[in-house]
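In this text the structure is predicted, and so the values were computed from the model without any measurement. First listed ligand is number 1; within each ligand, the first listed atom is number 1.
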Amino acid sequence: MNPKIKKWLPFIILILIIIVTAFYLFLNTLKSTYVPTTDNPGQIYREACSGCHGVQGEGKGLFPNLADQTIEAAHVREIIKSGALMMPSFEQLQGDTLNKVAEYVSQHKFSE
Ligand code: HEC
């Protein structure tokens with residue numbers, strides 16, 4: 001290996017680690033700016049979630065399929081509230097509305 005590269009390698013690795021960590025922390029702080037105008041869970045799902053998870057929960061590319069797996073409503077609520085690595089959090093969905101959306105996803109009511 002070129003001795004110059006060898007000398008700088010630890011720094012290059014350190015900088016890469018910092019960039020990856022910063023990106024990870026940045027992704028974790030994403031918050032959705034979606035403003036719900038209804039408490040109809042189907043409409044909220046189509047407006048706020050289907051862009052990533054598909055209208056029928058079929059998923060898109062890196063965004064997971066929600067229809068082919070069983071997800072407890074409580075788990076859906078947690079993810080909506082806190083977000084996940086590449087998913088923004090939706091703190092604006094609360095109370096009864098949050099429960100309805102979580103139930104909608106958990107019970108696969110995608111055609112309603
Ligand atoms: C920007 C795209 C995006 C949007 C919008 C989005 N999600 Fe997600 N969602 C993701 C990604 C990506 C994951 C996988 C978790 C991760 O990033 O590690 C995920 C994971 C999930 C999971 C867990 C699935 C599993 O396999 O464990 C649920 C449930 C979920 N999302 C529900 C919702 C709901 C409900 C909404 C709307 C309120 C929503 N998502 C909006 C991208 C999105």
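Side chain of His108 to backbone of Gly57: no donor-acceptor contact under 3.5 angstrom is found. Counting only distance, with no hydrogens or angles, the side chain of Gln92 and the backbone of Tyr34 share a donor-acceptor pair below 3.5 Å. A donor-acceptor pair under 3.5 Å is formed between the side chain of Ser106 and the backbone N or O of Ile71. Within the 3.5 Å criterion, the main-chain N or O of Phe26 finds a donor-acceptor partner in the side chain of Thr29.
For Pro88, the heavy-atom gap to ligand 1 drops under 4.0 angstrom.
Of the protein's heavy atoms, Met86 N, 2.7 Å lies nearest to atom 17 (O) of ligand 1. From the protein, the heavy atom lying nearest to atom 27 (O) of ligand 1 is His75 NE2, 4.1 Å.
Taking the side chain as every heavy atom from C-beta outward, Lys31 and Ser89 approach each other to under 4.5 Å.
Evaluated by nearest non-hydrogen atom to atom 26 (O) of ligand 1, the leading choice among Glu47, Gln92, Arg77, Gln69 is Gln69. Of the candidates Leu27, Leu98, Ile71, it is Ile71 that places a heavy atom closest to atom 29 (C) of ligand 1.
Below 4.0 Å from some heavy atom of Ala48 lie the following atoms of ligand 1, by number and element: 5 (C), 37 (C), 41 (C). Residue Val105 approaches ligand 1 through these ligand atoms, each under 4.0 Å from one of its heavy atoms: 35 (C).
Applying the salt bridge (charged side-chain N to carboxylate O under 4.0 Å, His left out) rule to pairs touching residues 90-100 yields Asp39-Lys100, Asp96-Lys100, sequence neighbours excluded. Among pairs with a residue in residues 54-82, those fulfilling salt bridge (charged side-chain N to carboxylate O under 4.0 Å, His left out) read Glu78-Lys81, at least two apart in sequence or across chains.
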Q.
Please determine whether side-chain contact (heavy atoms from CB on, under 4.5 Å) holds for the pair Leu66 and Phe110, giving the CA-CA distance in whole Å, both sets of side-chain angles, and the decisive distance to 0.1 Å.
A. CA-CA 10 Å; Leu66 301 178; Phe110 298 112; 4.0 Å; yes

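Here Ser32 has no heavy atoms under 4.0 Å from ligand 1, in either its backbone or its side chain.
The side-chain hydrogen bond (donor to acceptor under 3.5 Å, both in side chains) search around Gln43 returns Glu47, not counting sequence neighbours.
Any N or O atom pair closer than 3.5 Å counts here, and Tyr45 shares no such pair with ligand 1.
Ring pair Tyr45/Tyr104 is tilted by interplanar angle, where 30° to 60° counts as tilted.
Here the protein contributes His53 NE2, Met87 SD as N, O or S atoms under 2.8 Å from atom 8 (Fe) of ligand 1.
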